[in-house]
Protein chains: 2
Amino acid sequence: MSVHERKQRERAARERLIVATARELAEQQGWDAVTTRRLAERIEYSQPVLYSHFRGKREIIGAVALEGAAEMAVALRAATSAADGPRERVAALARGYLHFAERNPAVYDALFQLDGGLAYAQEDTPEPLKDAFAALLECLGEVAGDGVHPGLFTEVFWASLHGIATLSRAGRLPPQDTEQRVELLVDRLAVL
Amino acid sequence: MSVHERKQRERAARERLIVATARELAEQQGWDAVTTRRLAERIEYSQPVLYSHFRGKREIIGAVALEGAAEMAVALRAATSAADGPRERVAALARGYLHFAERNPAVYDALFQLDGGLAYAQEDTPEPLKDAFAALLECLGEVAGDGVHPGLFTEVFWASLHGIATLSRAGRLPPQDTEQRVELLVDRLAVL
DNA sequence: CTTGATTGTCTAGCGATGCTAGGATCGAAT
DNA sequence: ATTCGATCCTAGCATCGCTAGACAATCAAG
């Protein structure tokens with residue numbers, strides 16, 4: 001039976017290779033450049049192999065999104081843990097979030113802009129997504145203010161960060177002044 | 001020379017028909033369904049006719065976006081003009097914005113999600129886009145608070161609304177509680 | 001009025017996309 | 001050694017955005 005297990009290991013490794021390659025390609029040349037042909041060529045297999053791992057391109061995007069969500073949760077917790085006091089902690093969270101979005105645009109797109117076929121804000125939402133939101137909640141819950149539901153507050157704060165991240169990257173907002181926007185957001189939204 | 005003028009009128013009418021049809025199709029079945037073939041069939045011309053009016057699909061999206069920006073500016077001014085006092089005015093603006101995004105998802109996508117080849121936040125930004133931002137600024141400028149640049153404040157408030165609008169529609173936020181999010185945003189961000 | 005040129009439109013086709021059917025090949029088990 | 005099942009690839013489908021070249025209608029000049 002060990003032969004079978006080895007094959008399963010190799011198969012799992014190939015699946016990771018597909019996801020990693022898709023992500024790499026997307027970060028290098030954008031998601032439009034991630035075609036099934038190019039992806040297949042890079043992993044040195046034929047196209048149909050992709051479809052033996054994933055239902056289609058959507059699921060590949062979804063896999064990148066899950067990977068990214070886990071990394072984002074780590075990044076956010078790392079950013080907040082180094083800060084002193086609620087004010088600085090929230091500011092660090094906001095900067096960390098925007099920094100992550102800026103440094104990993106393809107992953108961010110897979111998470112929040114593209115359709116990866118994932119369920120959000122539901123019971124069957126994948127664990128990494130729930131955990132990324134939890135990382136936000138851990139920091140933001142304590143500054144929601146009296147009478148305001150921590151979850152709702154986190155949603156609003158997150159939405160604001162998301163708006164700044166996407167509008168900035170799409171050229172809808174002037175690229176400078178990011179720090180001032182963060183300051184404004186933190187000082188006004190958070191109850192310290 | 002009148003013959004020539006008539007032809008120009010007819011040509012302009014056909015261009016409006018293209019934009020209106022693209023928008024209609026996008027609202028009905030989403031932008032993915034707006035293919036050059038389908039669009040050409042609906043206006044009862046062949047594909048190449050589209051390319052005698054627009055450089056490509058991108059420019060058609062851009063045309064829909066400009067049309068939408070003008071409508072959005074009107075909608076926002078209508079919403080704010082009916083409200084009494086700064087607090088209610090800002091809340092009405094926020095509700096009007098989210099309402100517009102919800103009721104015209106395809107137009108909203110053309111404006112802020114898709115690439116319509118338009119310049120944003122620059123000198124050569126088309127007038128309708130500037131005016132839509134101006135409509136926001138007119139209302140939000142007076143609640144920016146002391147020492148905060150009205151333009152910057154408007155950008156942040158707008159980004160927050162944009163985040164709520166996009167995340168809600170993509171199913172990333174629970175669909176209910178919109179009103180509570182608006183209240184929170186207005187009460188915290190605006191200085192009354 | 002006839003001719004030639006210009007304008008307008010269409011048919012047909014290019015390269016590329018996501019995805020799939022069917023056959024070939026290879027290894028494990030009898 | 002032979003069967004059988006899993007694995008993988010070649011080839012192809014329908015569709016996409018976009019364009020070249022043929023054709024017809026229209027206009028200006030002789």
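So that the names make sense, note that chain A is the first sequence line, chain B the second, and so on, each numbered from 1. On a predicted model such as this, the values are computed, not experimentally measured, just so you know.
Following rounding to the nearest Å, B:L50 (CG) and C:dT9 (C1') show an atom-to-atom distance of 12 Å. Following rounding to the nearest Å, A:L39 (CG) and C:dA16 (P) show an atom-to-atom distance of 17 Å. The distance between atom CZ of A:F54 and atom P of C:dT20, rounded to the nearest whole Å, is 15 Å. Per the geometry, CD belonging to B:E59 stands 10 Å off P belonging to D:dC18, to the nearest Å. Look at OH on B:Y51: it is 12 Å from P on D:dA20, rounded to the nearest Å. Nucleotide C:dT17 holds its P atom 11 Å from the CG atom of A:L25, rounded to whole Å. Here D:dT15 presents its C1' atom at 12 Å from NZ of B:K57, a figure rounded to the nearest Å. Straight-line distance from the CD1 atom of B:I18 to the C1' atom of C:dT9: 13 Å, rounded to whole Å.
Considering all non-hydrogen atoms of both residues, A:I18 and A:F54 come closest at CG2-CE1, 3.7 Å. Of all non-hydrogen atoms in A:P150 and A:G141, the two that sit nearest each other are CB-CA, 4.0 Å.
Residues B:L189 and B:S160 have side chains in contact (heavy-atom distance under 4.5 Å, counting atoms from C-beta outward). Side-chain contact between A:L39 and A:I60 is present, with at least one heavy-atom pair separated by less than 4.5 Å.
The structure places CG of A:L17 at 9.0 Å from NE2 of A:H53, a figure rounded to the nearest 0.5 Å.
Nucleotides of DNA chain C nearest to A:R55 and A:D32 differ in position, and the one nearer the 5' end is that of A:D32.
B:L152 and B:L136 fall into different hydrophobic clusters, where Ile, Leu, Val, Met, Phe, Trp and Tyr residues are linked whenever their side-chain heavy atoms come under 4.5 Å apart, directly or through other members.
At D:dC18, none of the side-chain N or O atoms of B:T36 fall inside 4.0 Å of OP1 or OP2 (strictly under the cut-off). Put simply, B:R38 has a side-chain N or O that comes within less than 4.0 Å of OP1 or OP2 on D:dC16.
Rounded to 10°, the angle separating the first-five-pair axis and the last-five-pair axis of the helix from C:dC1-D:dG30 to C:dT30-D:dA1 equals 30°.
Side-chain atoms of A:Q47 stay outside donor-acceptor range of the base of D:dC9, with no qualifying N/O pair under 3.5 Å.
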Show the distances under 3.5 angstrom between N or O atoms of the protein and N or O atoms of nucleotides 5-8 of chain D.
from: D:dC8; atom 1: OP1; to: A:R14; atom 2: NH1; distance (Å): 3.1
from: D:dC8; atom 1: OP2; to: A:R14; atom 2: NH1; distance (Å): 3.2
from: D:dC8; atom 1: OP2; to: A:R14; atom 2: NH2; distance (Å): 3.1

Going through the distances and angles, do A:W158 and A:F112 end up as a ring-ring contact (aromatic ring centres under 6.0 Å, His included)?
-> CA-CA 12 Å; A:W158 169 42; A:F112 301 127; 5.4 Å; yes

Taking it one step at a time, do A:H162 and A:Y108 satisfy ring-ring contact (aromatic ring centres under 6.0 Å, His included)?
-> CA-CA 10 Å; A:H162 176 70; A:Y108 194 84; 5.7 Å; yes

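In this structure a side-chain-to-backbone donor-acceptor pair under 3.5 Å is present from A:R172 to B:L111.
Among the nucleotides D:dG17, C:dC10, C:dC19, the one closest to the side chain of B:P48 is C:dC10.
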